[in-house]
Chemist: 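Sharing a structure with you now.
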Amino acid sequence: MAQSVPLILKVLASSIKTAARAGKIVKDVMDKGELGIVHKNTTLPTFMNYFFRLIGASKNDVQTEADRSAQRCIITSLSRQFPNITIIGEEGTLDEAEIPSDWIVTDFDECVLKSTCPPKFIDTKPEDIVVWVDPLDGTSEYTEGLLDHVTVLIGIAVGGKSVGGVIHQPYYDYHTNRNGPGKTYWGLVGLGVGGFTPGKAPSDKFIITTSRSHRDEMVNRALNALNPDEIISVGGAGHKVVVLLEGRAHAYVYASRGCKKWDTCAPEGVLEAAGGLLTDIHGKHYDYSKNASFPDAQGIFATVQGVNHKDLISKLPEEVHKAFPY
Ligand SMILES: Nc1ncnc2c1ncn2[C@@H]1O[C@H](COP(=O)(O)O)[C@@H](O)[C@H]1OP(=O)(O)O
Ligand SMILES: [Mg+2]
């Protein structure tokens, strides 16, 4: 690879290949049938579970062997290629000492490497970059067999702002092609998107996508106020942004606290590279710098290109805004 390729393009090009490898690991674990499910917070004392519920985290936050193995693949691959960038994974610190050699990805997406780097990223340094990894978004859907809701997410933040990333859907189209390669949606703000052709949402009706499994009173109040013609309830933050990218909905609205930075960094970057917006429910971008807190504590509000994000947010009732203070 030419030495002159800007770092941001190398990180994106490597992330595209790595996400696909991680997606294959996710499928291999399922095919083997030994999911190794653990409940992440059940070992905590009762008061800690109460605290987690208050901040919106579920006491039944599950992790499988697929989450662990996919994260080991991604973090080891990216940290060997880019030892000086910061990488934060949902599953915390895992043993990377003895991972199979074929989990270590060393190749790059050639199309991205050959692209013209957006001028503002030409001099991006390793210390400016934070990569947020969700090795398996939609874990509960994965355990329930709703496989197309599952995505592998690698988000790239520069200077605390999500600017791009990769959403890989390992089970894309699996009903017709179970052993297919899946689908990879990537993007970089200023460069554009790749791996898919953005769809255009219908002009004759207004469609919102939202959570399938984490619906509460505030989520419902927000949805009622926006009065959509149709609601698409699916699992996973990555999957919901895929629904937007494919033109199947106009907005993703989630007035709740459960998502974390690794759930939204890649979806935000890819959606914004496609001309959309992903913010909190007040319209503010999240901070993805290395010391940022993990929870998306002010919910999620995302819109596709052509929808007036600010106008739509202004339709949320005051009580919904007040429920998510900074
Ligand atoms: N209350 C919650 N507890 C744990 N994870 C949550 C919660 N709400 C959302 N998430 C995470 O955000 C993603 C999107 O949520 P939803 O499907 O409800 O819209 C989920 O797939 C899950 O990510 P993960 O599967 O990686 O743990
Ligand atoms: Mg997730």
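Along the sequence shown, the residues carry numbers beginning at 1. For ligands, and for the atoms within them, numbers begin at 1 and follow the listed sequence.
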Chemist: Give the ring-plane orientation class for Phe108 versus Phe82, where under 30° counts as parallel, over 60° as perpendicular and anything between as tilted.
Modeler: perpendicular

Chemist: If you measure every N or O of Gly236 against every N or O of ligand 1, does any of those distances drop under 3.5 Å?
Modeler: yes

Chemist: What pairs meet the side-chain hydrogen bond (donor to acceptor under 3.5 Å, both in side chains) rule with one or both residues in residues 194-208, with sequence neighbours excluded?
Modeler: Lys205-Glu230

Chemist: Is Trp262 touching ligand 1 with its side chain, its backbone, both, or neither, if touching means heavy atoms under 4.0 Å apart?
Modeler: neither

Chemist: Looking only at distances, please establish whether an N/O atom of ligand 1 is found under 3.5 Å from an N/O atom of Tyr252.
Modeler: no

Chemist: State the count of protein N/O/S atoms located less than 2.8 Å away from the Mg ion (ligand 2).
Modeler: 3

Chemist: In sequence, state the C-alpha distance, the side-chain angles, and the governing distance for His214 and Tyr254, and then conclude on side chain to side chain contact (heavy atoms under 4.5 Å, CB included).
Modeler: CA-CA 9 Å; His214 301 103; Tyr254 186 55; 3.1 Å; yes

Chemist: Go through ligand 1 atom by atom and flag the ones less than 4.0 Å from a non-hydrogen atom of Ser211.
Modeler: 16 (P), 18 (O), 19 (O)

Chemist: Taking atom types as modelled and ignoring hydrogens, do the side chains of Asn291 and Ser289 form a donor-acceptor contact shorter than 3.5 angstrom?
Modeler: no

Chemist: Would you mind telling me if ligand 1 is within reach of the side chain of Leu136, the backbone, both or neither, using heavy atoms under 4.0 Å?
Modeler: backbone

Chemist: Within the structure, does His214 bring an N/O atom to less than 3.5 angstrom of an N/O atom in ligand 1?
Modeler: yes

Chemist: Relative to Tyr326, does Lys284 satisfy both conditions: NZ or CZ under 6.0 angstrom from the six-membered ring centre, and within 45 degrees of the ring's axis?
Modeler: yes

Chemist: Any chance you could lay out the side-chain hydrogen bond (donor to acceptor under 3.5 Å, both in side chains) test for Ser233 and Arg215, step after step, and finish with the verdict?
Modeler: CA-CA 9 Å; Ser233 301; Arg215 287 279 279 276; 3.0 Å; yes

Chemist: Name the orientation class of the two ring planes belonging to Phe294 and Trp132 (parallel below 30°, tilted from 30 to 60°, perpendicular beyond 60°).
Modeler: perpendicular

Chemist: Where on Thr139 is there a heavy atom closer than 4.0 Å to ligand 1, on the side chain, on the backbone, on both, or on neither?
Modeler: both

Chemist: Would you please say whether a donor-acceptor pair under 3.5 Å links the side chains of Gln298 and His321?
Modeler: no

Chemist: Measure the acute angle between the ring planes of Phe301 and His309, then classify it against the limits of 30° and 60° as parallel, tilted or perpendicular.
Modeler: perpendicular

Chemist: Below 4.0 angstrom from a heavy atom of Asp61, which ligand 1 atoms are there? Numbered from 1 as shown, please.
Modeler: 4 (C), 5 (N), 27 (O)

Chemist: Could you tell me the separation between the CZ atom of Arg21 and the OG1 atom of Thr106, rounded to the nearest 0.5 Å?
Modeler: 11.5 Å

Chemist: Report, in ascending order of atom number, the atoms of ligand 1 lying under 4.0 Å from any heavy atom of Asp134.
Modeler: 26 (O)

Chemist: I need the atoms of ligand 1 closer than 4.0 Å to a non-hydrogen atom of Ser213, numbered in the order shown.
Modeler: 18 (O)

Chemist: What are the atoms of ligand 1, with element, lying closer than 4.0 Å to any heavy atom of Ala237?
Modeler: 13 (C), 14 (C)

Chemist: Which atoms of ligand 1 have any heavy atom of Gly235 under 4.0 Å away?
Modeler: 17 (O)

Chemist: Assess the side chains of Glu65 and Ser69: does a donor N or O sit below 3.5 Å from an acceptor N or O?
Modeler: yes

Chemist: Is there a donor-acceptor contact under 3.5 Å linking the side chains of Thr303 and His250?
Modeler: no

Chemist: Have Tyr172 and Thr184 got a donor and an acceptor in their side chains that come within less than 3.5 Å?
Modeler: no

Chemist: Where's the contact between His149 and ligand 1, heavy-atom distance under 4.0 Å: side chain, backbone, both or neither?
Modeler: neither

Chemist: Need the ligand 1 atom indices (1-based, order shown) with element for anything under 4.0 Å from a heavy-atom of Gly138.
Modeler: 21 (O), 24 (P), 25 (O), 26 (O)

Chemist: With a cut-off of 4.0 Å, which atoms of ligand 1 are near a heavy atom of Lys240?
Modeler: 16 (P), 17 (O), 19 (O)

Chemist: Give a yes/no on ligand 1: does Glu90 have at least one heavy atom closer than 4.0 angstrom to it?
Modeler: yes

